[in-house]
A.B. asks: 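Starting off with a structure, shown below.
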Amino acid sequence: MNSTPFNKVYLTGQETEYIQQVFNSGKFSGGVDFTKKGIEFLSARYSFNEALLTTSCTAALEMAAMLINIQPGDEVILPSYTFVSTANAFALRGAKIVFIDSCKDNPNMDAELLEGLITEKTKAIVPVHYAGIACDMDVIMNLARKHNLFVIEDAAHSINSFYKNKALGSFGNLGAISFHETKNITCGEGGMLIISDKQFSERASVIIDKGTNRKAFFEGKTDKYEWVGKGSSYRLPEISAAFLFAQLEALESIQNKRMQVWQTYYRGLKALEDSGLLRLPLIPQFAEHNASIFYIICKNKGQRNLLLNGLQKAGINASFHYQPLHYSPYVISLSGKKIKLPNAERYGECLLRLPLFSEISDKTVEYIIEITNKIVRGNY
Ligand SMILES: *Cc1c(COP(=O)(O)O)cnc(C)c1O
């Protein structure tokens, strides 16, 4: 049996056809046909007020940090258990990153700890919806309102995920989604900035276009095209947007297949959780997730390594996930000390992800379930 990869990009077959159309049009830079179609599709489906396609979710987060005008010394609260980009986007502008621990029973930020971390310098809260499972947005938004803070959602995992029937990424002033090849819907590298707070609309169009009023110029609103503010180059190229649009057209079937795999894992491993041998994802009542990741929380690091190695020997590429940022070499080099965030540290040591992609066969999923059960029960 060939080994099972952790992830495999699903191709609809339509990607090359749409890319050919870009070649035919001769318009390769972003902002035109497929970019517009992608944004229309996403805005209609998820009721986004406004969205821009960017070169990555990292780029969208960097734009968000510029838009809320982060200055050196501003404090930004975000989870330690996340990808580097969540923090880096704000660190680049000189923010002091204040790490918050994860919940005891799920890797999302523990919103109960938020108020204790807010100071006069706090400027923003950045919730990350781990595995496309929503943070408690009512609690976070209420606190942000009370303390007059911005909320930037890192919804990298969260295309087609909801909190109380509203799409993730559309709660905060700004939100960022990823179309990296490891995410549900992809164009290799790509992202989206969701702009729910209209005050950022015009400046976002300037920042994405190198600090120019190119958009206003092309709309005939100005007769010149000039440098009007700070910016950079964050637009998704048209070839990538064409790739992405093919994926978006298949979104429903990609999601159905992923959800089916996720639920098969859940059912097949539930007995292990019921026996207290490990834990499965906890989906709060308010969350409708998108089968972005199927994770297991092992009892300890030893059990996780046993599982990782055992699965590897059986030809299955499982994977751990984030190394908490609060004890990353960079953070330690800045602060000189290691703070304790027990839940984030536990996820760093105990969380394991199983292969999950659209084309994984039912047989392979059953095999992974069988081997996992055997390893955890000590029969392998
Ligand atoms: C993948 C990911 C990102 C970065 O996405 P890119 O599109 O690769 O820049 C940011 N945050 C989180 C939580 C992610 O998982």
Side-chain angles (χ1 to χ4, degrees), residues 6-7 9 30 35 38 42 51-66 76-92 95 97 99-100 102-103 106-109 124-135 137 140 151-161 168-169 171-172 174-194 208 232-237 240-241 243-244 247-248 258 281 287 289-295 319-326 328 344 347-348 351-353 356-357:
F6 175 68
N7 180 44
V9 172
T35 300
L42 290 159
L52 297 170
L53 295 185
T54 57
T55 44
S56 63
C57 175
T58 302
L61 290 166
E62 287 180 17
M63 287 185 67
M66 283 190 213
V76 175
I77 303 174
L78 52 90
S80 174
Y81 194 74
T82 185
F83 188 61
V84 206
S85 295
T86 318
N88 209 23
F90 299 91
L92 272 172
I97 308 300
F99 293 110
I100 184 167
S102 298
C103 298
N106 112 21
N108 287 340
M109 65 162 61
I125 304 170
V126 188
V128 179
H129 308 289
Y130 184 77
I133 301 166
C135 295
M137 291 314 291
I140 294 170
V151 172
I152 312 295
E153 287 175 85
D154 182 340
H157 302 172
S158 304
I159 183 89
N160 210 55
S161 282
L168 297 188
F171 286 85
L174 299 157
I177 284 185
S178 175
F179 301 118
H180 185 263
E181 75 169 36
T182 50
K183 310 300 202 272
N184 291 22
I185 302 292
T186 182
C187 56
E189 302 268 3
M192 174 167 58
L193 178 71
I194 299 156
I208 200 171
S232 191
S233 179
Y234 288 128
R235 244 184 222 299
L236 188 72
S240 301
F243 192 125
L244 182 68
Q247 297 256 313
L248 291 175
R258 293 186 74 98
H289 75 103
N290 62 352
S292 162
I293 294 172
F294 189 88
Y295 65 87
S319 180
F320 48 84
H321 211 178
Y322 305 127
Q323 299 304 299
L325 299 178
H326 73 280
S328 62
Y347 295 120
L351 189 144
L352 174 138
R353 295 174 295 159
L356 173 50
F357 49 91

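In each ligand, atom 1 is the first atom listed, and ligand 1 is the first ligand listed.
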A.B. asks: Using the rule given for side-chain contact (heavy atoms from CB on, under 4.5 Å), can you reason through Val151 versus Met137, listing the C-alpha separation, both sets of side-chain angles and the distance that settles it, and then say yes or no?
C.D. replies: CA-CA 10 Å; Val151 172; Met137 291 314 291; 4.3 Å; yes
A.B. asks: Just to verify, what does Ser240 make a side chain to side chain contact (heavy atoms under 4.5 Å, CB included) with, not counting sequence neighbours?
C.D. replies: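 In terms of side chain to side chain contact (heavy atoms under 4.5 Å, CB included), with neighbours along the sequence ignored, Ser240 is linked to Cys187, Leu236, Pro237.
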A.B. asks: When you measure from the heavy atoms of Ala60 to every atom of ligand 1, does any distance fall below 4.0 Å?
C.D. replies: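 No heavy atom of Ala60 comes that close to ligand 1.
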A.B. asks: Give the atom numbers and elements of ligand 1 that come within less than 4.0 Å of a heavy atom of Gly190.
C.D. replies: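 Numbered from 1, ligand 1 contributes 7 (O).
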A.B. asks: Going by the rule side chain to side chain contact (heavy atoms under 4.5 Å, CB included), which residues pair with Glu181 if we only count those two or more places apart in sequence or in a different chain?
C.D. replies: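 Once residues adjacent in sequence are excluded, the partners of Glu181 under the side chain to side chain contact (heavy atoms under 4.5 Å, CB included) criterion are Val9, Thr186.
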A.B. asks: Do me a favour and list the nearest non-hydrogen protein atom to atom 3 (C) of ligand 1 with residue, atom name and distance?
C.D. replies: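 Result: Phe83 CD2, 3.6 Å.
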A.B. asks: Can you tell me if Glu153 uses its side chain to pair, donor with acceptor, with the backbone of Gly175 under 3.5 Å?
C.D. replies: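 No, the answer is negative, given that no donor and acceptor are paired below the 3.5 Å cut-off.
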A.B. asks: Tell me, which protein residue and heavy-atom name are nearest atom 1 (C) of ligand 1, and how many Å apart are they?
C.D. replies: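 It is Lys183 NZ, 1.8 Å.
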A.B. asks: To check you understand the geometry: which heavy-atom pair defines the closest contact between Ser158 and Gly132, and what is its length?
C.D. replies: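 Scanning both residues completely, I find the closest heavy atoms to be OG-CA, 3.5 Å.
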A.B. asks: Would you say Leu61 has any N or O atom under 3.5 Å from an N or O of ligand 1, going by distance alone?
C.D. replies: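 Among all N and O atoms of Leu61, none is under 3.5 Å from an N or O of ligand 1.
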A.B. asks: Heavy atoms only: give me the nearest Ile133-Ala287 pair and the separation to one decimal.
C.D. replies: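 Result for this residue pair: CG2-CB, 4.2 Å.
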A.B. asks: Report the nearest protein non-hydrogen atom to atom 11 (N) of ligand 1: residue, atom name, distance rounded to 0.1 Å.
C.D. replies: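 Minimum-distance protein heavy atom for atom 11 (N) of ligand 1 reads Asp154 OD2, 2.8 Å.
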A.B. asks: At under 4.0 Å between heavy atoms, which part of Ala156 makes contact with ligand 1: side chain, backbone, both or neither?
C.D. replies: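 It is the side chain that gets close, since no backbone atom is under 4.0 Å.
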A.B. asks: Should the ring pair Tyr322 and Tyr81 be called parallel, tilted or perpendicular, given that the plane angle runs from 0 to 90° and is split at 30 and 60?
C.D. replies: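 Plane angle over 60°, so perpendicular.
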A.B. asks: Kindly confirm or rule out an N or O of Thr82 lying under 3.5 angstrom from an N or O of ligand 1.
C.D. replies: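 No, there is no polar N/O contact under 3.5 Å.
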A.B. asks: Near Val128, which atoms of ligand 1 are under 4.0 Å from a heavy atom of that residue?
C.D. replies: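 Numbered from 1, ligand 1 contributes 13 (C).
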A.B. asks: Do any nitrogen or oxygen atoms of Tyr322 lie less than 3.5 angstrom from nitrogen or oxygen atoms of ligand 1?
C.D. replies: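 Between Tyr322 and ligand 1 (N or O atoms, distance only) the closest approach is under 3.5 Å.
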A.B. asks: For atom 7 (O) of ligand 1, grab the closest protein heavy atom and report residue, atom and distance to one decimal in Å.
C.D. replies: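 Checked against all protein heavy atoms, atom 7 (O) of ligand 1 sits closest to Ser178 OG, 2.7 Å.
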A.B. asks: Without swapping roles, check the side chain of Arg353 against the backbone of Phe320 for a donor-acceptor pair under 3.5 Å.
C.D. replies: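 A pair under 3.5 Å: yes.
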A.B. asks: So for ligand 1, is Thr58 a polar contact partner (N or O within less than 3.5 Å, distance only)?
C.D. replies: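 Checking ligand 1 against Thr58, an N or O pair does fall under 3.5 Å apart.
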A.B. asks: Measure the distances from the heavy atoms of Tyr81 to every atom of ligand 1 and state whether one is below 4.0 angstrom.
C.D. replies: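 No heavy atom of Tyr81 comes that close to ligand 1.
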A.B. asks: Which residue holds the protein heavy atom closest to atom 15 (O) of ligand 1, what is that atom called, and what is the gap in Å?
C.D. replies: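 Looking only at protein heavy atoms, the one closest to atom 15 (O) of ligand 1 is His157 NE2, 2.6 Å.
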A.B. asks: Would Tyr130 and Tyr295 count as a ring pair (Phe, Tyr, Trp, His ring centres under 6.0 Å) if you check the C-alpha gap in whole Å, the side-chain angles of each, and the deciding distance to 0.1 Å?
C.D. replies: CA-CA 10 Å; Tyr130 184 77; Tyr295 65 87; 5.6 Å; yes
